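Below is one structure, written out as structure tokens; comments come after it.
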Amino acid sequence: MINFGKPLALVAAVLTIASCGGSSKSSSSANNVQAITVNAGPAGGYANGVFTSVSVCVAGSSNCQTVNGVLVDTGSFGLRVLASALGSVGGSLAQQKDASGNSIVECAQFVNSVTWGPVKTADVGLAGEKASSIPIQVIDPTTVPIAAGCKAIGPSEEDLASLGANGILGIGFFIQDCGGACTKSGSGNPGFYYTCAGSSCQVTGVTTAQQVQNPVAHFAHDSNGVVVSLPSASGSAPSLSGSITFGIGTQNNNGIGSAQTLHADNFGNLKTSFKNQTYTGFIDSGSNAYFFLDTSTTGLPDCPSSESGFYCPSSPVNLSASNSDGTTSNTINFTIGNASQLFSVSADAVFPTLGGPNPSTFDWGLPFFFGRKVFIGIEPPAGSGPFWAY
Amino acid sequence: MLAVSLATAASAFAALGGDVSSVQADQARLQASERIIPTQKYTVHEMQTARGTLIRQFVSPEGTVFAVSWQGSAPDLEQLLGSYFDQYVQAVQAQPTRRARGIHIDTGDFVLESGGHMRFVAGRAFLRSKLPSGVSSDQLR
């Protein structure tokens with residue numbers, strides 16, 4: 001999913017043991033605010049990555065690990081953590097098994113990569129909220145070698161250097177990472193889940209309950225969505241601090257107010273119009289720039305090969321596009337700067353004007369979140385989504 | 001059993017840079033899910049796969065698959081890219097820039113661009129040297 005070059009430094013993850021025992025019952029005034037920070041991440045060198053800390057516990061116990069430097073990703077669903085970041089807790093998490101007692105191992109499919117590793121059960125804690133006994137993915141290519149069918153999707157990201165994070169917290173609007181398609185057998189199954197006898201793995205259908213779960217949808221309270229809130233950034237900066245508030249309209253700090261709601265389609269997309277043409281669009285904190293269209297459509301030149309994949313206009317360009325779900329629409333103004341110049345300041349990790357080409361879709365990445373409150377409504381039964389509101 | 005059926009389905013696609021004859025062979029096997037769209041400068045072979053990916057293969061008048069595009073569930077790129085898959089993997093792993101979710105590879109001839117989010121991927125790959133004259137990459141969606 002993530003590729004970045006020239007990590008500034010390889011910093012050992014700071015892991016601390018935290019207690020997350022005690023009662024899961026919380027009042028409706030549970031602490032629902034989780035701190036998040038845009039910075040260079042636990043490996044260094046990450047541009048426009050937003051990170052947080054997650055508590056992972058052996059289900060029903062106080063045997064927990066707090067994992068820092070986990071990427072906050074509204075474009076995926078479910079928690080994935082590097083085995084190396086879980087310490088001794090990782091080995092104590094219960095392995096998910098099929099009816100024959102074989103291990104369930106996942107090939108989680110991101111855009112240009114996969115993460116591979118066993119599905120295990122854990123209690124997941126964020127702020128004062130807890131998802132009890134949900135399946136998560138432990139990213140670990142060593143216990144069971146990556147299956148050939150998974151390799152065919154793309155390269156695997158399996159360590160801190162390749163992932164740029166200690167894990168990925170998927171809190172988009174779907175409850176499972178795959179959904180109905182992965183319950184099928186045969187060629188209609190997109191191949192997220194494998195059953196492995198030793199190191200021999202085959203694609204398998206699994207129930208939606210067995211799939212890796214969006215932890216927010218399983219909170220006792222505030223489970224119908226999230227509000228991602230980041231301040232505006234007038235220019236590049238080393239870091240930017242904000243919050244995720246859990247729940248929408250469930251407490252006095254997460255009301256939707258005057259934000260406009262845009263419903264997503266079954267794929268998790270909306271429509272984005274730019275210069276009188278309409279494209280598939282979506283909003284995604286796990287994308288680190290505005291990725292849209294191509295040079296011939298936008299007039300924005302590609303960067304030289306050292307920054308290939310980003311736009312490099314000679315001076316900042318102001319643009320606008322509109323998002324629509326067929327009922328509601330609104331216009332977004334944004335600015336694209338020169339990525340080579342932006343990246344030349346090595347201390348910076350927050351880039352509000354970072355953009356790049358993406359010929360087939362209009363991806364409102366992390367810069368879209370700067371200066372906004374973005375509500376993400378989870379699908380039923382947890383919420384009334386899938387929708388965005390801002 | 002499952003592995004066999006998946007392999008059969010996967011082999012129904014011609015690969016980038018391959019010959020149209022393999023696409024034509026696919027038509028008989030996948031007639032229910034394939035349609036052919038002729039244009040002035042090339043032919044588009046469109047297939048909806050069982051796993052939920054809309055795949056388009058662009059065939060030149062000379063009979064070469066000069067481009068492929070995909071939209072929906074992540075496709076089997078190894079099958080779709082054929083001999084270019086290794087270049088793709090190497091380029092992803094060596095990507096020099098700080099980019100997340102989305103990929104833009106340009107080796108001079110082989111170009112691959114892809115974006116999306118979990119449960120949805122859209123992208124394309126093409127060979128510059130094989131683009132029919134008068135065809136721009138904009139048309140390859």
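Throughout, protein chains are lettered first and strands after them, A, B, ... in sequence-line order, and every chain is numbered starting at 1. Computed from a predicted model, the values in this text were never measured in an experiment.
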Spacing of [atom1] belonging to [X] relative to [atom2] belonging to [Y], to within rounding of 0.5 Å:
X      : Y      : atom1 : atom2 : answer
B:I103 : A:F110 : CD1   : CZ    : 14.5 Å
B:Q71  : A:N269 : CD    : CG    : 8.0 Å
A:D265 : B:F120 : CG    : CZ    : 8.0 Å

Of the non-hydrogen atoms in [X] and [Y], which two are nearest, and what is the gap between them?
X      : Y      : answer
A:T361 : B:A122 : CG2-CB, 3.7 Å
B:L77  : A:I153 : CD1-O, 3.8 Å
B:F85  : A:K151 : CZ-O, 3.3 Å
B:V92  : A:P155 : CG1-CG, 3.4 Å

>> Under a plain distance cut-off of 3.5 Å, with no hydrogens placed, do B:H117 and A:D73 share a side-chain donor-acceptor pair?
In response: no

> So do the side chains of B:R119 and A:F77 get within less than 4.5 Å of each other, counting heavy atoms only?
Replying inline: yes

>> Does any part of the side chain of B:M118, heavy atoms only, come nearer than 4.5 Å to the side chain of A:F192, both counted from C-beta?
In response: yes

Report which part of [X] has an atom under 4.5 Å of a heavy atom belonging to chain B: side chain, backbone, both, or neither.
X      : value
A:T280 : side chain
A:S287 : both
A:F282 : side chain

> If you count heavy-atom pairs under 4.5 Å with chain A, which of B:G72, B:S73, B:A74, B:G52 comes out on top?
Replying inline: B:A74

As an exercise: rank [options] by heavy-atom pairs under 4.5 Å with chain B and give me the winner.
options                        : value
A:A152, A:G191, A:G170         : A:A152
A:G365, A:G268, A:C178, A:A181 : A:C178
A:T297, A:D363, A:N48, A:D177  : A:D177

> Given the rule in the side chain to side chain contact (heavy atoms under 4.5 Å, CB included) test, do B:H104 and A:D302 qualify, once you have shown the distances and angles that lead to the verdict?
Replying inline: CA-CA 10 Å; B:H104 183 88; A:D302 287 329; 4.1 Å; yes

>> Looking at A:N266, I want to see if its CG is surrounded by more than 12 non-hydrogen atoms of other residues, nucleotides or ligands under 6.0 Å.
In response: no

